[in-house]
J.: 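My questions all concern the structure below.
Within every chain, numbering begins at 1; the chains are lettered A, B, ... in the order of the sequence lines, protein sequences first and strands thereafter.
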Number of protein chains: 2
Amino acid sequence: MAHTDFAPHNHARCIATALAAAEAACDAQGLHLTPVRRRVLEILLTGHRALGAYDILERLGAEGRPAQPPVAYRALDFLVRHGFAHRVEQLNAYVACTRPGECDTPAFMVCRTCRAVAETAAPDQAMAPQARAAGFAIEARVVEAVGLCPGCQAAT
Amino acid sequence: MAHTDFAPHNHARCIATALAAAEAACDAQGLHLTPVRRRVLEILLTGHRALGAYDILERLGAEGRPAQPPVAYRALDFLVRHGFAHRVEQLNAYVACTRPGECDTPAFMVCRTCRAVAETAAPDQAMAPQARAAGFAIEARVVEAVGLCPGCQAAT
DNA sequence: GGGAGTGTGTAACGATATAACATACGGCCA
DNA sequence: TGGCCGTATGTTATATCGTTACACACTCCC
């Protein structure tokens, strides 16, 4: 990660690389990045912000493609299952992945006022000892910090 | 923690100590553990399982105290704010705290089939370096592992 | 050219959560 | 003692998030 997602950066390149990565991955794995799925990914990529499924529906509607909830949820499900986007549990919302290919265990910093989200890597073996002791088989982890992003700290 | 919450244990004592701890804490801090709040805590304490707000409403109704959603959400809000219960973000559900007084940064192991939840401590400074680098001010953290509890592993 | 698999369109509904306003009740003090 | 305030609860309505179920379209492949 050359920058944090909160800092100013060349966002157009951000979008371009993420889309290219998604295309390449789909190509390589025989997945279909259909128009709807691609458009939803682009919408998520417009900012490092968590968007709800209904936000996405609204934008699809605004650009003349009205759609019902299952359309958004299916596209999001595809993107999340294949690692192109992530769900932010705290917000019941979604963000585009900014580390395509290396995000098996993502962690997020979530601004509670503006919903900006920065992605980073979760400490790799966190909770492994406790899980072993409890006989619990970990399949996935949710690691999210809530707080204030630099911009919102400055604004207060 | 003498046992993990998944293992068989004297659950009656579990309930009794949690209630006593809540009472003591309320006493000490001038908080009111009113009948509704106490009853909701007791309901959460009946098992180491996550319950949704509407599950709680159902149980209140079943015991002749029908209530509307805000009643459950207000009680849960009280319990969560004061550390007597926690919200499991993945499930949009709630569990009683099993480590009253020492759970500033709880972490959970959540069974995806039976919703059993075991509480443990989150690794203390996880994400601190990344947050510092990003200029992000962490206020709270959500750390949840999804997987299979010992019982559900055995059942498959 | 017919069937299987996959993806999309749409209506209806279910689950989770909050807003807004009314009522009850104890403590305080003029 | 009566009025006021703060806190908690009751109740109606509504907002937000997510799924079920079923119809249709398209592609691939034999």
J.: Figure out the CG/P separation between Asp77(A) and dT6(C), and round it to whole Å.
T.: 14 Å

J.: Report the distance from atom CZ of Phe78(A) to atom C1' of dT6(C), rounded to the nearest whole Å.
T.: 12 Å

J.: Which pair of heavy atoms, one from Val146(A) and one from Phe136(B), lies closest together, and at what distance?
T.: C-CZ, 3.8 Å

J.: Flag yes if more than 12 heavy atoms outside Arg81(B) fall under 6.0 Å of its CZ atom; otherwise flag no.
T.: yes

J.: Side chain of Gln68(A) only, please: which of dT16(C), dA11(C), dT8(C) is the nearest?
T.: dA11(C)

J.: Taking the nucleotide of DNA chain D with the closest heavy atom to each, which residue, Pro69(B) or Pro69(A), is nearer the 5' end?
T.: Pro69(B)

J.: Given the side-chain rings of Tyr94(A) and His86(A), with only the six-membered ring counted for Trp, is the space between their centroids under 6.0 Å?
T.: no

J.: Heavy atoms only, 4.0 Å cut-off, all strands: where does Arg74(B) land among base, sugar-phosphate and nothing?
T.: base

J.: Nearest-nucleotide wise, let me know which of Pro70(B) and Leu91(B) is further upstream toward the 5' end of DNA chain C.
T.: Leu91(B)

J.: Arg65(A) near the nucleic acid: base, sugar-phosphate alone, or nothing, with a heavy-atom cut-off under 4.0 Å?
T.: nothing

J.: Can you list the residues that meet the side chain to side chain donor-acceptor pair (under 3.5 Å) rule with Gln29(B), with sequence neighbours excluded?
T.: none

J.: Give the C-alpha distance, both sets of side-chain angles, the deciding distance and a yes or no for side chain to side chain donor-acceptor pair (under 3.5 Å) between Glu144(B) and Gln90(B).
T.: CA-CA 8 Å; Glu144(B) 300 174 4; Gln90(B) 286 185 76; 3.1 Å; yes

J.: Nearest of dT6(C), dT16(C), dT10(C) to any side-chain atom of His32(A)?
T.: dT6(C)

J.: Where does the chain B footprint on DNA chain D start and end, counting 5' to 3' with a 4.0 Å heavy-atom cut-off?
T.: dA8(D) to dT12(D)

J.: If you assign Pro66(B) and Asn92(A) each to the DNA chain D nucleotide with the nearest heavy atom, which residue ends up on the more 5' nucleotide?
T.: Pro66(B)

J.: Let me know the distance between CG of Leu60(A) and P of dT8(C), rounded to the nearest Å.
T.: 12 Å

J.: At under 4.0 Å, does any side-chain N or O of Tyr54(B) touch on OP1 or OP2 of dA15(C)?
T.: no

J.: Give the minimum heavy-atom separation between Cys97(A) and Glu119(A), together with the two atoms involved.
T.: CA-OE1, 3.5 Å

J.: For Glu58(A), look at atom CD and say whether over 12 heavy atoms of other residues, nucleotides or ligands are found less than 6.0 Å away.
T.: no

J.: Rounded to whole Å, please give me the gap between OH in Tyr73(A) and P in dA15(C).
T.: 15 Å

J.: In whole angstrom, what separates Gln90(A)'s CD from dA17(C)'s P?
T.: 13 Å

